[in-house]
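When a ligand or atom number is given, it counts from 1 through the structure's own listing order. What's counted below: heavy atoms across the whole structure, side chains too, no hydrogens, waters or symmetry copies.
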Amino acid sequence: MPETILRGFTGNDVPDAAVYDTCIRCGLCLQSCPTYLETSTETSGPRGRISLIRAVGEGQLDLLSPGFVEQMSECLDCRGCEAVCPSGVQYGRLIEPARAQIRRAQAATERLPARAARAFALRLLFTHLGTMRAVASLLRFAQITGLQRLASALGLRDLAALAPRIPPRAFVARGQRFDVRQAQGTAFLHTGCVMHVAFASVHEATVRMLGRGGLNVVVPSDQGCCGAIAVHAGEAAMGREMARKNIAAFERSGADVYVVNAAGCGSALKEYPRWFSRDDPWHARAERFSSRVRDALEVLDAVELPAPTVALDAIVTYQEPCHLANAQRIVAAPRRLLAKIPGLRLVEMPESAICCGSAGIYNITQPAMARRLQRRKIEAIAHTGANVVATANPGCAMQVGAGLRAAGSAAQVRHVVELLDGGYVTERIAE
Ligand code: SF4
Ligand code: SF4
């Protein structure tokens, strides 16, 4: 019988054996893994996935074997496992290169139309933000005219349900500058891709809150999407291209801190050094850049804020974005900020840090599991009796919002910064 040649990891972006070898197979991560909780299957948990990555790394399993591809796709990259691992396994350093390897191997055999569609979705949409704004305008038109119901009727129900209500104005990075008296420093505001078209009000609230915290804010026009979606989709080279753009924009700006109000983007921006090999001149620049990246909630928790005076009579529960709690380990700051708002009652939901099923484009690539996790999250929220769900990431806001609407709940989803900003008497910012 001819010997079967197994495809292993090759070239750049190889999962590091030193990382998977630190797994002691204790299983303490299993109960923090959303897909394991849903399936109770070893291969659908972190320990099983690490074993699969090791098997490919050691040449015992084919890179494109269906079981491997399925598990690398079913993983949410939510890093719930990483946050609880006693051995310090940096799971993100395994899953992302493993996906990049699969993607590269698949691309070699992909038909041209499939490649072109992928290039449109990723490159045009995420590197040319004008395209993103054009798509958002079409979506807004569909929402206003009721065409969105037609999309549902045509079988695009999940996508139509997921889309947030698009506001009339995007928050476009055009080189704006918002100065305050006696500033303590200058913050660079990252405006992102989805955030700038679908959550412009969060950016406006962030500018006001940073100003109250004594920071000038600049919004340079030469920034772009963080690249996380490209990397999650296995397009590592495209992700690096986006990273270089943001690093250079921050260096040119002269700002003291790079502020981001979307947890998934913040996590990616802080991990830019991992995207460049040590011999790449961009590695050192990425290290300098990432050391200055902060989530807006980290900054607002660290600065001195005047006490909010406008009460919010609401029961609020906090949905932890995985990339804030697990990847950036920011857990207490959002709760401390919410506690400052007079009248607000914070009721914790069970499993707050278990992923809601959003995870970048996961709810598009893995709709069945995404729906199961969405239902699980909505049930957890229902336990609290909350009429407001606070979060800090656009993906979570869309996924939880869609789940609440589907369940007939009137609860609203709001960003923590927006809720905090509502605690002050304020004027709309002049752009
Ligand atoms: S907790 Fe860490 S060491 Fe234990 S099985 Fe999970 S990844 Fe491996
Ligand atoms: S990243 Fe999330 S989904 Fe993937 S193995 Fe870890 S806990 Fe499970």
Side-chain angles (χ1 to χ4, degrees), residues 15-58 67-103 228-229 231-234 263-264 266-268 270-271 274 319-329 331 350-377 380 393 395-396 399:
D16 190 344
V19 177
Y20 56 68
D21 282 346
T22 52
C23 175
I24 54 171
R25 302 191 50 77
C26 64
L28 287 175
C29 51
L30 298 181
Q31 295 305 318
S32 299
C33 175
T35 53
Y36 182 83
L37 289 176
E38 281 293 317
T39 62
S40 303
T41 306
E42 175 69 14
T43 46
S44 283
R47 186 172 58 186
R49 293 189 177 119
I50 292 168
S51 296
L52 290 171
I53 293 170
R54 178 187 283 115
V56 174
E58 292 176 352
F68 186 68
V69 173
E70 184 192 335
Q71 280 311 326
M72 295 305 103
S73 312
E74 191 191 79
C75 171
L76 295 134
D77 195 8
C78 70
R79 319 271 284 273
C81 46
E82 197 173 307
V84 299
C85 175
S87 203
V89 174
Q90 294 176 298
Y91 182 81
R93 291 181 62 189
L94 299 177
I95 184 73
E96 283 162 16
R99 284 180 174 168
Q101 291 274 331
I102 291 173
R103 183 68 217 122
I229 296 224
V231 169
H232 284 200
S267 166
K270 287 181 179 179
E271 289 176 358
R274 286 190 196 171
Q319 151 61 22
E320 312 229 35
C322 312
H323 283 88
L324 201 64
N326 301 331
Q328 300 183 61
R329 311 289 163 95
V331 174
E351 299 186 344
S352 175
I354 292 292
C355 180
C356 61
S358 173
I361 53 172
Y362 190 88
N363 38 23
I364 298 166
T365 57
Q366 299 283 320
M369 182 59 81
R371 266 197 303 274
R372 286 168 73 171
L373 293 170
Q374 185 186 50
R375 272 198 294 273
R376 191 178 181 106
K377 184 59 67 183
N393 191 50
C396 308
Q399 176 83 340

Query raised in the report: Nearest protein heavy atom to atom 3 (S) of ligand 1, by residue and atom, and its distance?
Result: Ile24 N, 3.3 Å
**Report entry** For atom 5 (S) of ligand 2, the protein heavy atom that lies nearest, with its residue and separation
**Finding:** Arg49 NH1, 3.2 Å
**Report entry** Listed protein N/O/S atoms, distance to atom 2 (Fe) of ligand 2 under 2.8 Å
**Finding:** Cys78 SG
Query raised in the report: Do you know which two heavy atoms are closest between Ala370 and Gly357, and how far apart they sit?
Result: CB-O, 3.5 Å
Query raised in the report: Numbering the atoms of ligand 1 from 1, which are under 4.0 Å from a heavy atom of Cys85?
Result: 1 (S), 2 (Fe), 3 (S), 7 (S)
**Report entry** Those residues that, when tested against Glu38, pass salt bridge (Lys or Arg N to Asp or Glu O under 4.0 Å) (two or more places apart)
**Finding:** Arg372, Arg376
Report summary line: Heavy atoms of Thr35 and Ser44 approach each other most closely as OG1-O, 2.7 Å
Query raised in the report: What atoms of ligand 1 come within less than 4.0 Å of a heavy atom belonging to Pro86?
Result: 1 (S)
Please output the side-chain donor-acceptor pairs of residues 18-25 that fall under 3.5 Å, not counting sequence neighbours, one pair per line with the distance.
residue: Thr22; atom: OG1; partner: Val19; partner atom: O; Å: 2.5
residue: Arg25; atom: NH1; partner: Ser51; partner atom: OG; Å: 2.6

Query raised in the report: Closest approach of Gly67 and Leu52, non-hydrogen atoms and distance?
Result: O-CD1, 4.5 Å
Query raised in the report: Quick one: are Ser87 and Cys26 in side-chain contact, heavy atoms under 4.5 Å?
Result: no
**Report entry** Flag for Gln319-Ser352: side-chain donor and acceptor within less than 3.5 Å
**Finding:** no
Report task. Considering the heavy atoms of Gly27, write down every atom of ligand 1 situated less than 4.0 Å from one of them. Result -> 4 (Fe), 5 (S)
Query raised in the report: With a 4.0 Å cut-off on heavy atoms, is Gly88 touching ligand 1?
Result: no
Query raised in the report: Going through the distances and angles, do Phe68 and Ile102 end up as a side-chain contact (heavy atoms from CB on, under 4.5 Å)?
Result: CA-CA 9 Å; Phe68 186 68; Ile102 291 173; 3.7 Å; yes
Requested in this report: May I ask you to identify the nearest protein heavy atom to atom 8 (Fe) of ligand 1, giving residue, atom name and distance to one decimal place in Å?
Outcome: Cys23 SG, 2.4 Å
**Report entry** Numbering as shown, the atoms of ligand 1 that approach Ile50 to under 4.0 Å (heavy-atom distance)
**Finding:** 7 (S)
Query raised in the report: Shortest non-hydrogen contact from Tyr91 to Cys75?
Result: OH-SG, 3.3 Å
Report summary line: Glu351 and Lys377 have their tightest heavy-atom pair at O-NZ, 3.0 Å
Requested in this report: Mind checking salt bridge (Lys or Arg N to Asp or Glu O under 4.0 Å) for Arg49 and listing every partner two or more places apart, or none if nothing turns up?
Outcome: Glu74
Query raised in the report: Counting from 1, what ligand 1 atoms have a heavy atom of Ser87 closer than 4.0 Å?
Result: 3 (S)
Query raised in the report: So which heavy atom in the protein is nearest atom 6 (Fe) of ligand 1, and how far is it from that ligand atom?
Result: Cys29 SG, 2.3 Å
Query raised in the report: Which of the numbered atoms in ligand 1 are below 4.0 angstrom from a heavy atom of Arg25?
Result: 5 (S), 8 (Fe)
Report summary line: For Pro15 and Ala98 the tightest heavy-atom approach is CG-N, 3.8 Å
Requested in this report: Starting from atom 4 (Fe) of ligand 1, find the nearest protein heavy-atom neighbour and note its residue, name and distance.
Outcome: Cys26 SG, 2.3 Å
